[in-house]
2 protein chains.
Amino acid sequence: MKKVAKKKAEPDSSTEDKIKEAARRVFIKKGYSATRTRDIAEEAGINLALLNYYFRSKEKLFDLIMFEKVQKLFGVLGKVANNPDTSLTEKIESIASLYVDLLLVNPDLPIFVLSELRARPEHFEKLVQKTNILKNSVLLAQLQEKRPDVNPLQFIPTILGIAVFPFIMRPILQPSVGMSDKQFTTMMVERKTLVPIWIKAILKAK
Amino acid sequence: MKKVAKKKAEPDSSTEDKIKEAARRVFIKKGYSATRTRDIAEEAGINLALLNYYFRSKEKLFDLIMFEKVQKLFGVLGKVANNPDTSLTEKIESIASLYVDLLLVNPDLPIFVLSELRARPEHFEKLVQKTNILKNSVLLAQLQEKRPDVNPLQFIPTILGIAVFPFIMRPILQPSVGMSDKQFTTMMVERKTLVPIWIKAILKAK
DNA sequence: GTCTATAAGGGGATAGAC
DNA sequence: GTCTATCCCCTTATAGAC
């Protein structure tokens, strides 16, 4: 049985992993500035000093998590948008379905990434440029071909917004109409069929 | 000539107003936790002690700003959604146009409000409940009537997302396709005509 | 009302024992 | 590798002079 590259694969995870997982939870919940390293240590069930032993600093640990999360959030889009073997319709269906699935498991992902990006854009310059997924993408070309009369960039936030925005406005939507977590989830699952229908309608609309 | 309740109305604003305006800028840019009262004082061109003299504490000042911003962001929706004298189509056109206009002037408003709401939801419980604009709104009833086969709540984040989401993903969109501020603005102005067309298409789509 | 100086405490990071 | 104790800077808030 082949061993993976990771140092450990025990049932109870290593200290390093415990800290990382705690950091994921706390950073995502509170953002960089509101998070105290002490919160992470407590959440991980370890001592504060160990955090610095393994990760040197709060910022280094954050960068690690953030990099992961950016990849998670934009990886989906990147892979789909640059696949030359799928039609526009197929791409849209993939994006809708994959994002709803992703966000049902990681509901705070978009608001976390986008608000940290907003608060300290200079900190992420390299990271954002590397996320150069859209420019020259197959998706943009296909949109251009389908609707030469509309700037294809108009469609990007539209498509993503329809899929992602419910999760972003969840903290205001849910309490303001008295919706349970379960109801929200049900609604989002139902949404997976609605989104592609809507987007196709948008692409035809004049 | 009647004097208003406010203490001052001079051309150069009062110290209190200078602090408030500085606070708006800094809080919106960096969020509550990353903001230092020193930043606000410096931005306002006054001494740190004056901030506490006028507003008692950082948190009290923040609450003031936040309350304003929540009203700004949801006031639009509230007024439109509960107007019994306009058709569904008119409502949608209003929302699209008003939100794009609002966000062109206040681009960071949604990400600010939504990320602070996310980071400290318990802090805003009352504020959110008070924002009970949607439940039992005319807008929801009209959506229900138009499309009895779809949960009307599905349409809310869709409509708002199409109008608002471009501003939320702006920090990633703009650098990733190399778009200038001017180009972004142009695109958003152009968008004011697209959004109602798209939403009408969505409402018909099966 | 506005300033300087400072108190009081929080939070990131490390020294050093085990 | 993991802990306790501690350093030290930064930040909020206030005291008190003007």
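Note on naming: letters A, B, ... go to the chains in the order of the sequence lines (proteins, then strands), and numbering restarts at 1 for each one.
- Between A/T37 and C/dG11, a side-chain N or O to OP1/OP2 separation shorter than 4.0 Å is absent.
- At whole-Å resolution of the value, CZ in A/R38 and P in C/dG12 are 7 Å apart.
- Comparing C/dG1, D/dT4, C/dG12 by their closest approach to the side chain of B/Y53 singles out C/dG1.
- Between the side chains of A/K18 and A/S13, no donor-acceptor pair of N or O atoms lies under 3.5 Å.
- Regarding A/L50, its CG atom lies at a distance of 15 Å from the C1' atom of D/dA5, rounded to whole Å.
- The separation between B/N47 atom CG and D/dC18 atom P is 16 Å, rounded to whole Å.
- Comment: A/D181 engages A/R170 in a salt bridge, judged by a side-chain N to carboxylate O separation of less than 4.0 angstrom.
- Here A/S33 lies out of heavy-atom contact (under 4.0 Å) with every strand.
- Straight-line distance from the CZ atom of A/R56 to the P atom of C/dA15: 10 Å, rounded to whole Å.
- The interatomic distance linking A/F27 (CZ) with C/dG12 (P) rounds to 9 Å, in whole Å.
- A/N52 has its CG atom 16 Å from the P atom of D/dG1, to the nearest Å.
- Taking the charged nitrogens against the carboxylate oxygens, A/E116 and A/K69 have no contact shorter than 4.0 Å, which rules out a salt bridge.
- The A/A49 side chain lies nearest to D/dC3 when the options are D/dC3, C/dC3, D/dT11.
- In this structure, A/E42 atom CD and C/dG12 atom P are separated by 13 Å, rounded to whole Å.
- Closest approach to the B/I46 side chain among D/dA13, C/dC3, D/dC3 is made by C/dC3 (side chain taken as heavy atoms from C-beta onward).
- Regarding A/L51, its CG atom lies at a distance of 13 Å from the P atom of D/dT2, rounded to whole Å.
- Phosphate contact (OP1/OP2 of C/dG12, side-chain N/O of A/S57, threshold under 4.0 Å): absent.
- Nearest heavy-atom pair, B/N136 versus B/N82, reported as atom, atom and distance to 0.1 Å: O-OD1, 4.4 Å.
- Within 3.5 Å, no donor on the side chain of A/R36 pairs with an acceptor on the base of C/dG10, nor the reverse.
- Between B/K29 and B/E43 there is no salt bridge, since no side-chain N of the basic residue sits under 4.0 Å from a carboxylate O of the acidic one.
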